[in-house]
2 protein chains.
Amino acid sequence: VASPQLADLAALTEVVGADHVLVDDDVRAGYEVDWTGRFRGRCRAVVRPGSTAEVAAVVRWCGAHGLAVVPQGGNTGLVGGSVPGPDGDGVVVSLHRLQRFDPVDEVAAQVTVGAGVTLAALHERVRGSGWAFGVDLAARDSATIGGMIATNAGGIRVLRHGAMRAQVLGVEAVLGDGSVVSHLGGLVKDNTGYDLAGLLTGSEGTLGVVTAARLRLVPDPPDRVVVLAPLPSVAAAMALCARLRARVPGLEALEAVLGDGLALVCDHLGLAHPFPADPPVALLAEWAGEGDPPDALVEIFGSDDVLVAADGAGRERLWRYREAMTESISAVGVPHKLDVTLPLGSVAEFADAVVGAVQAAVPPAAVHLFGHLGDGNLHVNVTGVDPDDERVDDVVLRLVADHGGSISAEHGIGRAKVPWLGLVRSDSEIAAFAAIKAALDPNGVMNPGVLLPGEG
Amino acid sequence: VASPQLADLAALTEVVGADHVLVDDDVRAGYEVDWTGRFRGRCRAVVRPGSTAEVAAVVRWCGAHGLAVVPQGGNTGLVGGSVPGPDGDGVVVSLHRLQRFDPVDEVAAQVTVGAGVTLAALHERVRGSGWAFGVDLAARDSATIGGMIATNAGGIRVLRHGAMRAQVLGVEAVLGDGSVVSHLGGLVKDNTGYDLAGLLTGSEGTLGVVTAARLRLVPDPPDRVVVLAPLPSVAAAMALCARLRARVPGLEALEAVLGDGLALVCDHLGLAHPFPADPPVALLAEWAGEGDPPDALVEIFGSDDVLVAADGAGRERLWRYREAMTESISAVGVPHKLDVTLPLGSVAEFADAVVGAVQAAVPPAAVHLFGHLGDGNLHVNVTGVDPDDERVDDVVLRLVADHGGSISAEHGIGRAKVPWLGLVRSDSEIAAFAAIKAALDPNGVMNPGVLLPGEG
């Protein structure tokens, strides 16, 4: 069944081919809902351009017809930024066909890839070059490089290599006015104008569509050691993290499971508890390098109760306690997932306060805390309350703002957090964002309703 | 002697105090010329605001009166970006009085400082905290943090820690419309809007005035080793650099002196030549860490003819061969200084080609090459020709562009390189830059004539 305005779309079929303009309700449906199921909208069509030039033609056509452009990669986002709004007046631009994959530049330790390449494919293709890609995250099989740039994705190695913005040396992109910019030379030092690549990274599809990127690669050390340690408090864990960061080069991850999370994982998976008693914090550290880890790693952790693994199977076993948190929580109930950062000096105080604050506001709630402790990035999961009860989001995000934190560490604002953006960004900042958006997206077609207040 | 429009400036004296509005010709003169002496302009007054609010008032006043705002820090730039243009219709805003210096946050490894703090003062104040600031450069005693952010300054440690943009976690700034934005929370993961700090970094004062910044600090390892090695060609040096980058974590610098540079330094300083014969390339590597350097450092360099120093005096002695290049060249004559980056795979070809190209275009020229080889960043110094003979700049910058390089690695575009910006940036990119500038500087008062073509 075609949408009533099908005739208008004829021009699009001339650009991308009839096979790549999808208008049937059941075909569109998969592109109109995010994977959490919480965000569901409608679009006139899904368009699948096969080149940067085709993306540009689509954006210009949408601009001329006043239709929203909703860029979509792997559609693995958690804040509704990759699906259309409810009014149905837009076009989803799926970027899966942008599969450019240049040979790895082993001298420069760089590679150029299309926006539609998945993270898993990138890791796979880079393997064996002596280099690795510095960002990794659980959605790797679906998440695309374009989407990860649009959201400045983070993950488990930000501590060592930074988030996506730190990997992006340049982009090719279609801006909101339909113009194409391309700067894929991969020069590490290049002071010739404003940092367009950095600006587009994390802009959540509201300024333009990234179609390809030049990415830096990082060393891929042969040896790795994982340590899992019980700690008496978040404050103690933060102090230990600070000492590790100061004295252990090669630290790749500092992750933590708080409170009863470890017991939850052990119960869910039927694992033996790793420690004699439940610690308030289980801290996981991974070091990578060549040879033995620095003495400081051993000195700082001490040896009582600490589990250490240097072989692949052992490392995987220790990581399991952290990585299984998500599924173990989901087994309890459908959670509110709030992804926040605190200043490192305030993580302990926030972690102590948030449980009581949520339970006071929404009494039946259970609060589960885990995340990228070394970055101050906690995933606050709340079960036992209706997934749509925004009182949970409100109390957590306000507490975050009161502690000088960020209401979005690595997921973005999307559609989900627009109402709370003003908690952490001033009127002047939001006005500056709006001015930048108007400059690069003068027709206002790029992902309206996402990141900034607006229609869509 | 006051400028004719002195009466107009009364409002400014009310903002910053009469002591901080400088109008006398001889007092202004020092602010109107850059330290190379090549760029000299005129301004109505030099204003020295003492707070962000005062900067905002000055910018708004200039906007209302159509006067250019020329932000100035240490005035150590090499491309004329911190001095007024020739028309005299602007105000230099000196930021030296912005001396905020918050205590070092040792948990987060961060510090907040005012724009007027010098790099040397920052290093000094951070010393003893267990952390260090990751950028260093020769102009440290004069260069200010604000100016270094405005120019995205680089220096000798970019290889390890990145340039200024990688150190800036957030800024306080006055945008071109006089609004104040401030985001100094220091959150490493913070996806709540566009990357204003990254955009302002490297914008050369054309979008706004950075008044303070939250900076990341880096570990300050106790042990350092410097290696100086003779290599038979730039290609061999680049291959060795690639192996070092892949296998030696903790590499802080990869610097080189090419051709007869080493002999020039030895002659100038009366030093013994470090090697039995003049090598085509002298490569200097510095490693920092705790304990002994990785075995890979020794393996990759081998031992024939290689000089190694682990103590402070020995390291300084080896660095001297690289650091004295600038003064040794200046002893030969007033050089053209061109700061360029090449793709790592093209450095060798460019280095071979540039000497002949310059000598063919301007026959009496002598070409001296040195720089941050690990970043692909060469300083092309040309002596033996008139310092104002733009044929030199033209032939070098065109050759850089032909090799896919950048016409500015770490100095910026300033006033000096505006005519060549189109060699490396497309019309679409320059249009996007102009749109961003118009968005944040709607009155067009911020440093006109710098970075982008325009009046001033």
Side-chain angles (χ1 to χ4, degrees), chain A residues 105 107-109 130 152 154 158 163 175 179-181 185-196 198-199 202-203 219 238 242 245-247 249-250 289-290 294 296 341 343-345 375 377 404 406-413 421 424-425 428-429 431-433 435-436 438-440 451, chain B residues 105 107-109 130 152 154 158 163 175 179-181 185-196 198-199 202-203 219 238 242 245-247 249-250 289-290 294 296 341 343-345 375 377 404-413 421 424-425 428-429 431-433 435-436 438-440:
Chain A
D105 180 340
V107 174
N152 188 29
V158 172
L175 301 180
S179 66
V180 174
V181 292
L187 301 167
V188 175
K189 293 172 83 169
D190 183 20
N191 284 350
T192 57
Y194 305 144
D195 183 20
L196 273 185
L199 181 62
S203 66
M238 295 307 296
R245 289 166 64 225
R247 294 193 48 208
E290 191 170 338
T341 315
L344 295 182
D375 306 311
N377 178 191
S406 168
I407 64 166
S408 173
E410 56 184 13
H411 295 172
I413 297 298
L421 184 60
V424 292
R425 291 295 194 167
S428 292
E429 287 176 291
F433 296 163
I436 292 169
L440 298 186
L451 203 160
Chain B
D105 179 341
V107 174
N152 189 29
V158 173
L175 301 180
S179 66
V180 175
V181 292
L187 301 167
V188 175
K189 295 173 79 169
D190 183 21
N191 283 348
T192 56
Y194 306 144
D195 183 20
L196 273 186
L199 180 62
S203 66
M238 294 307 296
R245 289 166 63 226
R247 292 192 51 211
E290 190 171 337
T341 315
L344 294 181
D375 305 312
N377 178 190
S406 169
I407 64 166
S408 173
E410 55 185 14
H411 295 173
I413 297 301
L421 184 61
V424 292
R425 291 295 194 166
S428 293
E429 287 175 291
F433 296 162
I436 291 169
L440 299 185

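All chains are named by letter (A, B, ...) in the order of the sequence lines, taking the proteins before the strands, and each is independently numbered beginning at 1.
- Proximity of Met238(B) to Leu344(B): side-chain heavy atoms (C-beta onward) are separated by under 4.5 Å at one or more points.
- Considering only heavy-atom pairs separated by less than 4.5 Å from chain B, the leading option among Gly130(A), Ser203(A), Gly154(A) is Ser203(A).
- Comparing Thr192(A), Asp375(A), Val188(A) by how many heavy-atom pairs each has under 4.5 Å with chain B, the most go to Thr192(A).
- In this structure, chain B has heavy atoms under 4.5 Å from both the backbone and the side chain of Ile413(A).
- With a 4.5 Å cut-off on non-hydrogen atoms, Asn152(B) touches chain A through its backbone and its side chain both.
- When each of Val107(A), Asp190(A), Val180(A) is scored by its heavy-atom pairs under 4.5 Å with chain B, the top score falls to Asp190(A).
- For chain A, the nearby parts of Val424(B) are the backbone and the side chain; heavy atoms of each come within less than 4.5 Å.
- Taking chain A as the reference chain and counting heavy-atom pairs below 4.5 Å, the highest number among Ile407(B), Leu175(B), Asp105(B), Val158(B) is found for Val158(B).
- Within the 4.5 angstrom heavy-atom criterion, only side-chain atoms of Leu451(A), from C-beta onward, approach chain B.
- Of the two parts of Ala438(B), neither the backbone nor the side chain holds a non-hydrogen atom closer than 4.5 Å to a non-hydrogen atom of chain A.
- The most heavy-atom pairs under 4.5 Å with chain A, out of Pro249(B), Gly185(B), Ala432(B), come from Ala432(B).
- Residue Ala163(A): no heavy atom, backbone or side chain, is found under 4.5 Å from chain B.
- Note on Ala109(B), Gly345(B), Gly193(B): by heavy-atom pairs under 4.5 Å with chain A, the leading option is Gly193(B).
- No other option in Leu199(B), Asp195(B), Asn377(B), Val181(B) has as many heavy-atom pairs under 4.5 Å with chain A as Asp195(B).
- Interface remark: Glu410(A) contributes backbone and side-chain atoms alike to the contact with chain B (heavy atom separation under 4.5 Å).
- Residue contact with chain A, scored on non-hydrogen atoms closer than 4.5 Å, involves the backbone and the side chain of Pro343(B) alike.
- When the candidates Gly289(B), Ser408(B), Ala242(B) are compared by the number of heavy-atom contacts under 4.5 Å with chain A, Ser408(B) comes out ahead.
- Heavy-atom pairs under 4.5 Å with chain A peak, among Ala435(B), Ala409(B), Pro294(B), Ala439(B), at Ala409(B).
- Contact tally against chain B (heavy-atom pairs below 4.5 Å) for Gly198(A), Gly412(A), Ser179(A): the top residue is Gly412(A).
- Of the atoms belonging to Ile436(B), heavy atoms from both backbone and side chain fall under 4.5 Å from chain A.
- Using a 4.5 Å cut-off between heavy atoms, Ala296(B) touches chain A through its side chain atoms alone.
- Residue contact with chain B, scored on non-hydrogen atoms closer than 4.5 Å, involves the side chain of Leu440(A) exclusively.
- Annotation for Arg425(B) and Tyr194(A): closest pair NH2-O, 4.3 Å, computed over non-hydrogen atoms.
- With a 4.5 Å cut-off on non-hydrogen atoms, Glu429(B) touches chain A through its backbone and its side chain both.
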